[in-house]
Chemist: 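This is the structure I have questions about; it appears just below.
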Amino acid sequence: MSSRPRVFRHLSAPTYFACVALVTGLGVAGAMAIRPAFAHRVLELAGLEAMPQAMPGSFYALRVAPPLAEHCISCHGENRAKAELRLDSYAFAMRGSRHGAVIVPGNPKASELMTRIALPAGDDRAMPPEGKTPLSPDEVTVIRLWIAAGASPTMKPSSIKGAPRLVAEVKFPELNPSAARRLRASLAGEVARISARYPGLVGYESRNSADLELNAALRGTAFTDADLKAFLPLRSHISRIDLSGTSVTDASAQTLAQMTTLKTLRLANTRTGDATLSALSELKSLKSLTVTGTHATKSALAPLTRNDVEIHGDGIAD
């Protein structure tokens, strides 16, 4: 028994399949007419339309794509595309949603994307929805200027005038107590032992770091060369030392030379001089040195300056 619908049973096979093809084609054409995103996809698969690509280094790639990626693609990306709208590439953004184009080149007011991102956060139609971080005013302005300039995928950043200056966001490292404990495990016992003897003088550089800071200036003249030597067990972890106003002298030169991770050293108002500077010249990590009120000479400071150590204050003239 024929599997054709009864209305088609009197047709020949070629005619029947032609009818099926016609109905299918009309259905696809209708879907393409009411769903532009689907239409673009069909044309691409048929080889009748190329998928546009944004040029690396373009205004879109550098200024428009990043805020869309940060604020929009959780709802309009590859894994989830509400209203069949994807904003994870230039081609998808220009393709629009099931309701039509969301970007009208040259006309921000007619662009649904522009309307949605400019709405106040409490509005039901605002993008992104309430509870998610909205685009900043500068980001909204950048997208408006880009659309007004033609929504080009190749336009250079310098081509769009008046765009807010791109400022890198300052991001603070997330606290990770367990990772910090692992980093500090090998020296925790020694830190505890020395801290018991010199309370308050040594501490970690940051909450996530195993690098240490020694602030001997808190002891003033009571802190001597012998006291500094007591910190040698921690020498490979000390990054900052403040010896200002202590009784440390050139006798500590070799002690300081063993502080291989030392980045910042303050010797202000101590009885240190050229012997200490000579020892410090071997420290590859040293970046900043304060010598105000010391016996350091300019000729002894010269090798450190050549090593790009930033010198603060002056010692004595040669």
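Values reported hereafter were calculated over all heavy atoms of this structure, with side chains retained and with hydrogens, waters and symmetry mates removed. From a predicted model like this one, the values you see are computed outputs, not experimental measurements.
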Chemist: Is the side chain of S195 donor-acceptor paired with the backbone N or O of V191 at a distance under 3.5 Å, no angle test?
Modeler: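 Answer holds: yes.
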
Chemist: Quiz question: by atom type and distance under 3.5 Å, do the side chains of D138 and S136 form a donor-acceptor pair?
Modeler: no

Chemist: Could you tell me if H71 and T133 have a donor-acceptor pair between their side chains, going purely by distance under 3.5 Å?
Modeler: no

Chemist: What's the spacing between R63 CZ and T141 OG1 if we round to 0.5 Å?
Modeler: 10.0 Å

Chemist: Using side-chain contact (heavy atoms from CB on, under 4.5 Å), reason through K229 and S252 one step at a time and then give a plain yes or no.
Modeler: CA-CA 8 Å; K229 190 174 291 186; S252 286; over 6 Å; no

Chemist: Would you call the rings of Y60 and Y90 parallel, tilted or perpendicular, where under 30° means parallel and over 60° means perpendicular?
Modeler: perpendicular

Chemist: Show your reasoning for whether salt bridge (Lys or Arg N to Asp or Glu O under 4.0 Å) applies to E112 and R125.
Modeler: CA-CA 10 Å; E112 183 69 10; R125 298 172 65 245; 3.0 Å; yes

Chemist: Under a 4.5 Å side-chain heavy-atom rule over Ile, Leu, Val, Met, Phe, Trp and Tyr, are I160 and L62 clustered together?
Modeler: no

Chemist: Where do S97 and A83 come nearest, in terms of heavy atoms and distance?
Modeler: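 Smallest heavy-atom distance, with atoms named: CB-O, 3.1 Å.
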
Chemist: Measuring from atom CG of L228 to atom CG of L256, what distance do you get when rounded to the nearest 0.5 angstrom?
Modeler: 5.0 Å

Chemist: Do R80 and C75 come close enough that some side-chain heavy atom pair is under 4.5 Å?
Modeler: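 Yes - at least one pair of side-chain heavy atoms lies under 4.5 Å apart.
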
Chemist: Determine, stepwise, if the pair V202 / I238 fulfils side-chain contact (heavy atoms from CB on, under 4.5 Å).
Modeler: CA-CA 9 Å; V202 67; I238 295 178; 5.7 Å; no

Chemist: Got a sec: does the CD of E190 have more than 12 other heavy atoms crowding it under 6.0 Å?
Modeler: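 Yes, enclosed.
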
Chemist: I want to check something: taking the side chain as every heavy atom from C-beta on, are P233 and R193 in contact at a cut-off of under 4.5 Å?
Modeler: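 They are in side-chain contact.
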
Chemist: Find the distance between CG (D123) and OG1 (T115) and round it off to the nearest 0.5 Å.
Modeler: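 It comes to 11.0 Å.
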
Chemist: What heavy-atom pair brings C72 and L135 nearest, and what distance separates the two atoms?
Modeler: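 For C72 and L135, the tightest heavy-atom pair comes out as SG-CD1, 4.4 Å.
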
Chemist: Take V64 and I147 through the side-chain contact (heavy atoms from CB on, under 4.5 Å) test and state the conclusion after the steps.
Modeler: CA-CA 10 Å; V64 178; I147 295 175; over 6 Å; no

Chemist: Side chains of T276 and D250: do they bring a donor and an acceptor to under 3.5 Å?
Modeler: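 Checked: T276/D250 side chains pair up, N/O donor to acceptor below 3.5 Å.
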
Chemist: Is it the case that the side chain of S247 and the backbone of T224 share a donor-acceptor pair, with hydrogens and angles ignored and the cut-off at 3.5 Å?
Modeler: no

Chemist: Spell out, yes or no, whether I241 and Y198 are grouped together once hydrophobic residues are joined by side-chain heavy atoms under 4.5 Å, including indirect joins.
Modeler: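 In one cluster: yes.
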
Chemist: Where the side chain of K161 meets the backbone of S158, is there a donor-acceptor pair that is under 3.5 Å apart?
Modeler: yes

Chemist: Give a yes or no on whether the backbone of V291 and the side-chain of T294 come within a donor-acceptor separation of less than 3.5 Å.
Modeler: yes

Chemist: Measure the spacing between CE of M259 and CG of L212 and express it to the nearest 0.5 Å.
Modeler: 10.5 Å

Chemist: I want to check a possible cation-pi pair here: R184 against Y204, using under 6.0 Å from ring centre and within 45° of the ring axis as the test.
Modeler: yes

Chemist: Where the side chain of S285 meets the backbone of T260, is there a donor-acceptor pair that is under 3.5 Å apart?
Modeler: yes

Chemist: Given salt bridge (Lys or Arg N to Asp or Glu O under 4.0 Å), test E205 with R240 step by step and report yes or no.
Modeler: CA-CA 8 Å; E205 190 176 51; R240 300 171 184 269; 2.9 Å; yes

Chemist: Are L280 and I311 in one and the same hydrophobic cluster, where Ile, Leu, Val, Met, Phe, Trp and Tyr link if side-chain heavy atoms are under 4.5 Å apart?
Modeler: yes

Chemist: Hydrophobic clusters here meaning ILVMFWY residues chained together by side-chain heavy-atom distances under 4.5 Å, can you tell me if L232 and L283 are in one?
Modeler: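 Hydrophobic grouping puts L232 with L283.
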
Chemist: For the backbone of T261 and the side chain of S239, can you confirm whether one donor and one acceptor N or O come within less than 3.5 Å of each other?
Modeler: no

Chemist: Are the side chains of L85 and V102 in contact, using a 4.5 Å heavy-atom criterion?
Modeler: yes

Chemist: What are the two closest heavy atoms between V309 and S288, and how far apart are they?
Modeler: CG1-N, 4.1 Å

Chemist: Evaluate the side-chain proximity of T249 to T270: yes if any heavy-atom separation is below 4.5 Å, no if none is.
Modeler: no

Chemist: Give the intermediate values and the outcome of side-chain contact (heavy atoms from CB on, under 4.5 Å) for residues K82 and H76.
Modeler: CA-CA 6 Å; K82 293 177 66 175; H76 301 286; 3.6 Å; yes

Chemist: Report yes if some heavy atom in the side chain of R219 is under 4.5 Å from a heavy atom in the side chain of T246; otherwise report no.
Modeler: no

Chemist: Table please: side-chain donor-acceptor pairs of residues 300-307 below 3.5 Å, with sequence neighbours left out.
Modeler:
residue, atom, partner, partner atom, Å
T305, OG1, L301, O, 3.2
N307, ND2, P303, O, 3.4

Chemist: Would you check if the side chain of S111 reaches a backbone N or O of M114 as a donor-acceptor pair within less than 3.5 Å?
Modeler: no

Chemist: At their closest point, which heavy atom of A61 faces which heavy atom of P66, and how far apart are they?
Modeler: O-CD, 3.4 Å

Chemist: Please report the interatomic distance NE2(H295) to CG(L277), rounded to the nearest 0.5 Å.
Modeler: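 So the gap between those two atoms works out to 11.5 Å.
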
Chemist: If Ile, Leu, Val, Met, Phe, Trp and Tyr residues are connected whenever their side-chain heavy atoms lie under 4.5 Å apart, and connections chain through other members, are L87 and L145 in the same group?
Modeler: yes

Chemist: Assess, by modelled atom type and distance only, whether the side chains of D274 and T297 contain a donor and an acceptor separated by less than 3.5 Å.
Modeler: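 Judged by distance alone, the side chains do pair up.
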
Chemist: What heavy-atom pair brings A126 and P120 nearest, and what distance separates the two atoms?
Modeler: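 Between these two residues, the closest heavy atoms are CB-O, 3.4 Å.
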
Chemist: Between S152 and T154, do the side chains contain a donor N or O and an acceptor N or O under 3.5 Å apart?
Modeler: yes

Chemist: Assess, by modelled atom type and distance only, whether the side chains of K132 and S74 contain a donor and an acceptor separated by less than 3.5 Å.
Modeler: yes

Chemist: Might you point out which heavy atoms bring L267 and L243 nearest each other, and give the distance in Å?
Modeler: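 Heavy atoms of L267 and L243 come nearest at CD2-CD1, 3.8 Å.
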
Chemist: Taking the side chain as everything from C-beta on, heavy atoms only, tell me whether I194 gets closer than 4.5 Å to L234.
Modeler: yes

